[in-house]
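Everything below concerns the one structure shown next.
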Amino acid sequence: MILSPAATAASDTLPNIKQANSLRHFVREIWTTREGLPHNSVNAMAQDQNGYLWLGTWQGPTRFNGREFEIFDDVRVTGLPDIGIYTVALNPCNGSLYVGGARGGISRYDDGHWLELQPAPPFINQLSVDKQCNLWVATSEEGLLFYENDQRVATFTTQHGLPSNAVYQSLVDNDGHLWVATNKGLAVKRADNTRFERIDSVPGHLIRELKLTPDGKLIIGTQQGLYIQTDDGQFERYLTELEASISTIHYTPDGDLWLGTFRQGVWRYTGNRFESLTVATGLPNNHVLDIQHDHEGSIWVSTHGGLVQFRDALFKTYTTEHGLSGNYVRSVYQWNGAIYVGSSNGVTRIDINGVETVGANTPLAEQSVLSFAEYQGNLVIGTYTGGAFVWDGEQIVKQYNQSNGLSGDEVRQIAVHPTFGLFLGGPGGITHIAADETNYLTAADGLKNNYTTALAFDDDDTLWAASVSGLVAIKVKSTRSGFSYDIRDIDLSGLNDAELIFQIQHYNDYLWFASDRGLIAHHLPSKSWRIFNRDQGLPFDNFLSVEFDGEANLWLGSNRGAIFIAHDAITEALKRPEQPLSFQRYTEVDGMSNSQVNSGGPALFQSSAGNVWFATASGVSVIDPNALTSMAATPPPTVIAAVTADGNALEYGQEVAADTQRIAFDYAGLGYLMSDHIQYQVRLVGFDEHWVDKGKFTTAEYTALPANDYLFQVRASYPGGEWSEPANFAFSRSEHFWQQPSTWLFILIALALTAFLLVRARIRFLKNRSRRQLEKMVSEKTAELETIARQDPLTGLGNRRAFDERLRLEMKRSSRSGADLSLAIIDVDFFKQINDEFLHTVGDQVLVELSKLLRRVLRDIDYAARWGGEEFAILLPDTDLEQAIDAAERMRVAVENHDFSALLGDTGLTISIGVANNQYYPDHSSLLVAADQALYQAKEHGRNRTEHK
């Protein structure tokens, strides 16, 4: 039961979604103070060599990793006179970063350290670094300053020929000429000259931006528009159709020209056309301050209203903004080399010529479209209130409705058979139309319910019909007297009691059903059934559509986004029922304008070009599956942002004390294309034998490490992509005093002295031996009885009485010290089934083995007890809620990966865990209740998981 990729033939007449790269097809993600941006005005930007994006804001220099903003606003650390940053510049020679502020402060950041430079006069307009790695500082009052090796060595003012001392920018071109923009025009100091000369071919007004074109010419942004250098060295107006005050100019690696303006938003010139975005079309503010591109090709635009990322997304979306007749899309289909989109406002055709409404002057324009199919060379269009229209590409050639034999005017599904004809499904059942014969199938004939939701034929000419109440298989036969129908009821009660099926997809030897209880797979040759839902690792149970792409990868549509399951993953899950499904979920952040994928006939469709189309609540979204590979091809660079030992910062190569309890690592993959999907693996060389999957977690912790030299490594990848080169952090842990040679020498001396004293005291000891032995026997017996009263006889762990005493003691200690205390309650999943199948003797042995495993995973300061039956309780002192969740996950994964085959054979063992913390539930009873409620949620949400309260 292995799925094989189906060959697809690319069509020359379909739109190439890779070329649908207008500004409105880019994903625009906006960050403001609501998303953590320290100030909505981002004055300047730069990306360092590690991959961090640096922002100059009025609240300080800020570093962005794609998910979190780190603000450097302590002037005692940066050395700046104030926190307001107006300009940033990267030094490509050493990777350091310069920042400049309103009050003239300049500071350089290099490998975690700040160096204060000699300040400039207020106000600094721009910092720039030339090819010789010298720093140029444009000031508002004292001209242009020159720094060499971080020391100021020269100042250029009107005394050197500048038109004004109010300098806004400088640039050294490829010939070594120094160009300076001022509030009174442009000047240049030739490489062989000591003075500046004024350029009269540029207006003598404020100039804010200088940039070199890809071919080395100088382009200038003025208040009157753009000027460009001509072959004779003069300047002329450029792109005269743009009448705007230019604030910034940027060229992308592919040669596109991006322009920021003061009041007209952002513009892009691609060589043959202008495009723009303003507040009216999604820009947070029309005053653009800076434009940059990052290492992955995203364009970043900073404004007075926030930061905007334009990125080439996995999905492209067409909406009414791009020409769709309506945004609420229920069906998408390919016919005659074009994509047809059915919405609540009619039909739209998408092809290489663009986006066009179908039948604008016909009744189609007024219809809410639910379904499509091709029949006898024409396109059949099922609608909500108008029945089914037959469209020949130019006009409506026929309409089926109640007036001419249709059982109802709502046509939700259409199935076509070359011999049997046309089958139309809706709330009134199925209407079968063949030549001049029309028949009706309803619940009276054997349908589970008249309300038909899905129709599909298999290779055996069987029509599968789904309704709101279940599924039937219809064997259609053609006789001399007409058609006969053998309707067979399909019992889905063993498949999570599935009833409502939204779409049926026939692929190779399988029928796939998108239902309200999961994804159902029916293997036609063996007549076997499988269901995939939360129990198999999917995020939820309700799926509205199903489709395969040309590489046999599985796509699911849901109200919570598009689900992607790789070909190898679904094939492995079909072969091994116990294999959980790995998946990736895509939503608006990946380019979908809406994560609600609707149901329709069909709502999910693969075109002949290999693209997968989704009918959503806000347009139709399309993805080229190859984009998954291309976007993931280059892994995001990985950095280790912080390392702490018991909360204190740890430097690279540092030795930590022997009594250190916890070492924590914070890291990040500096990728901005799919930052929400970055995955991580970590390895502590000297402790871990293999790489450890961390999923999307950006922290790793280690407790009670033995004395050794260690190297922590972390690497990142996009889903399905290569892993990055690991980021490394070396440290060591010292020995305890009792592990050192001098300590052992001291112990030997002490033992010798002790032996001497014992010999002298032996006589006295013998006299009192009988009395001491009696007292010892009484004491041991008492201790034994106390142990029995507080110990679980099966597992050797504490019993419930002992746990209650320990919990009250820890609660008092935490109350006095203010320390965190976390509680985890564990329940063995499906333990009753283990007892029923393997008898209670094996069940007891499983609990003993589980207890040993928990002892190995827990810290020395943690306390475990058998709570009762198959439940265990774990006390985690000095552990906050986040750390407790991480510890619980380690326990859960350890149990899931542990080999219980000696006891259970092929049956695996998993646990569910509920976690609570005393910072939220400060008394004994409420903490227990909260942890127990969290455990209940873990079991309700599918088991083998951790929940917290």
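The shortest side-chain heavy-atom distance between Y328 and S343 does not fall under the 4.5 Å cut-off. For the pair Q606/E547, a side-chain contact is recorded, criterion being any heavy-atom separation below 4.5 Å from C-beta on.
Ring pair W391/Y340: centre-to-centre distance not below 6.0 Å. For W512 and Y510, the ring centers sit closer than 6.0 Å to each other. A distance below 6.0 Å separates the ring centres of F274 and W267. Between F513 and W529, the ring center distance clears the sub-6.0 Å criterion. Note: Y333 and F605 meet the aromatic proximity criterion, with ring centroids under 6.0 Å apart. Checked against the 6.0 Å centroid threshold, W464 and H506 do not count as a close aromatic pair.
The one candidate from D590, T587, V589 that meets the side-chain contact (heavy atoms from CB on, under 4.5 Å) condition with S595 is T587. Across D461, D486, D460, a single residue satisfies side chain to side chain donor-acceptor pair (under 3.5 Å) together with K475, and that is D460.
The backbone N or O of V279 sits less than 3.5 Å from a side-chain atom of N286, completing a donor-acceptor pair. The backbone N or O of R560 sits less than 3.5 Å from a side-chain atom of R585, completing a donor-acceptor pair. Put simply, the side chain of Q399 gets close to the backbone of G386: a donor and an acceptor are under 3.5 Å apart.
Summarising the local packing, CG of N361 is surrounded by 12 or fewer heavy atoms from other residues, nucleotides or ligands at distances under 6.0 Å.
Ring geometry for H417 versus F420: interplanar angle under 30°, hence parallel rather than tilted (30 to 60°).
Defined by atom type and a distance below 3.5 Å, a donor-acceptor pair is present between the side-chain atoms of N594 and S618. No side-chain donor-acceptor contact under 3.5 Å links S371 and S331. Side chains of T431 and S407: a donor-acceptor N/O pair is present below 3.5 angstrom, by distance only. Residues T452 and Q413 bring no donor and acceptor atom of their side chains to less than 3.5 Å of each other.
Between G671 and I678, the closest heavy-atom pair is O-CD1, 3.8 Å. Shown here for N508 and D459, the closest heavy-atom pair between the two residues is O-OD2, 4.4 Å. Contact detail for F614 and I623: the closest heavy-atom pair is CE1-CG2, 3.9 Å.
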